[in-house]
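Accompanying notes for the structure given below.
In listed order, ligands and their atoms are each counted from 1. Sequential numbering from 1 along the given sequence is applied to the chain's residues.
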Amino acid sequence: MAYNMIKTERVGANNAVVLVTLNRPKALNALCDELMDEVGIAVTEADKNPEVGAIVITGNDKAFAAGADIKQMKDKSFPEVINGNFLSSWTQLTTTRKPIIAAVNGYALGGGCELAMMCDIIYAGDNAKFGQPEILLGTIPGAGGTQRLVRAIGKSKAMEICLTGDQINAEIALQSGLVAKVHPKEENLNEAIKLADKIASLSKPVVAMCKEAISASYELTLNEGNRLERKLFHSTFALEDRKEGMDAFAAKRKAVFKDC
Ligand code: CAA
């Protein structure tokens with residue numbers, strides 16, 4: 001499919017990773033509807049493709065994304081946003097079963113920070129800046145900022161960020177648990193691809209089950225979550241890949257997974 005606002009390519013040692021690059025550099029990758037629709041289509045296609053094991057979403061050195069497109073949004077009326085359920089389609093990528101890694105360099109603000117948080121793992125370049133500046137525009141986050149940020153870094157820090165619009169740098173984001181690792185900005189995308197490649201080399205159904213269990217911890221009580229985890233753990237015993245993984249360990253050889 002031809003895209004206007006993003007680029008997609010297959011990367012990694014076995015071409016098993018889909019790299020989605022947000023491509024509106026002049027507008028610092030401001031997230032307009034067309035761009036987010038294209039991201040939704042690209043990740044859904046990657047999710048369905050049996051050759052693909054993981055997805056990386058990135059921007060450019062200056063901006064991962066500087067938020068929802070303020071110019072597109074500024075004249076919207078209340079009936080328009082409520083009747084059109086504005087932003088509701090943005091969460092398409094959270095239904096993906098394959099892991100998504102955000103490689104963030106530069107600004108990840110507003111919807112850009114929210115997009116990164118919709119991904120499963122964030123790797124940050126050392127020039128990354130995260131923030132939810134909506135309050136400075138007279139509005140509040142609308143694509144999960146008030147919810148995912150609290151779960152990622154706790155209520156007090158999330159309140160501080162959302163109520164002031166202040167940005168945090170990569171080091172603070174790392175200390176707070178918002179991002180998994182920080183790299184020099186030149187190496188960040190490559191490190192994200194290496195991580196995606198490593199995940200893509202593992203059993204796809206088992207990776208999907210592991211992601212499902214961890215994602216469910218956002219929604220479930222500890223008891224319910226542990227029950228779901230145990231059921232998924234038991235389910236891995238229906239897979240040849242589970243047998244192969246354990247046989248390979250016992251035989252001191254590398255496991256060869258077949259995704260079944
Ligand atoms: N929407 C639309 N256009 C944007 C944009 C956005 N969110 N962010 C940047 N741009 C555009 C600028 O208007 C500018 O365009 P022109 O060249 O046509 O003037 C271009 O990108 C470059 O931006 P700047 O000149 O402002 O670049 P800078 O280096 O001086 O500043 C910045 C960078 C601090 C990120 C600044 O651009 C900025 O503050 N952007 C807005 C950030 C923001 O408020 N994001 C939240 C949006 S609301 C939201 O996301 C709601 C939600 O929950 C989904």
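When only non-hydrogen protein atoms are considered, atom 1 (N) of ligand 1 lies nearest to Ile70 N, 2.9 Å. Scanning the protein for heavy atoms near atom 54 (C) of ligand 1, the closest one is Glu114 OE1, 3.3 Å. Among all protein heavy atoms, the one lying closest to atom 29 (O) of ligand 1 is Lys62 NZ, 2.6 Å. Given atom 39 (O) of ligand 1, the protein heavy atom at minimum distance is Leu109 CD1, 4.8 Å.
Of the listed residues (Lys71, Met73, Lys26, Arg24), the one carrying the non-hydrogen atom nearest atom 18 (O) of ligand 1 is Lys71. When Leu136, Asp69, Leu28 are ranked by how near their heavy atoms come to atom 23 (O) of ligand 1, first place goes to Leu28.
Within a 4.0 Å radius of atom 37 (O) of ligand 1, the protein contributes at least one heavy atom.
Interatomic distance, CZ of Arg151 versus OG1 of Thr146, reported as 9.0 Å (0.5 Å rounding).
The shortest N/O to N/O separation between Ala66 and ligand 1 falls below 3.5 Å. At least one N/O-N/O distance between Glu134 and ligand 1 falls below 3.5 Å.
Between Lys211 and Arg97, the closest side-chain pair of non-hydrogen atoms is not below 4.5 Å.
Residues satisfying the side-chain contact (heavy atoms from CB on, under 4.5 Å) criterion with Ala42, sequence neighbours excluded, are Tyr3, Ile6, Thr8, Val20.
Residue-level proximity to ligand 1 for Leu31 is absent, since no heavy atom of it falls below 4.0 angstrom. At a heavy-atom cutoff of 4.0 Å, ligand 1 is contacted by the side chain of Pro133 but not by its backbone. Heavy atoms of Leu87 found under 4.0 angstrom from ligand 1 belong exclusively to the side chain.
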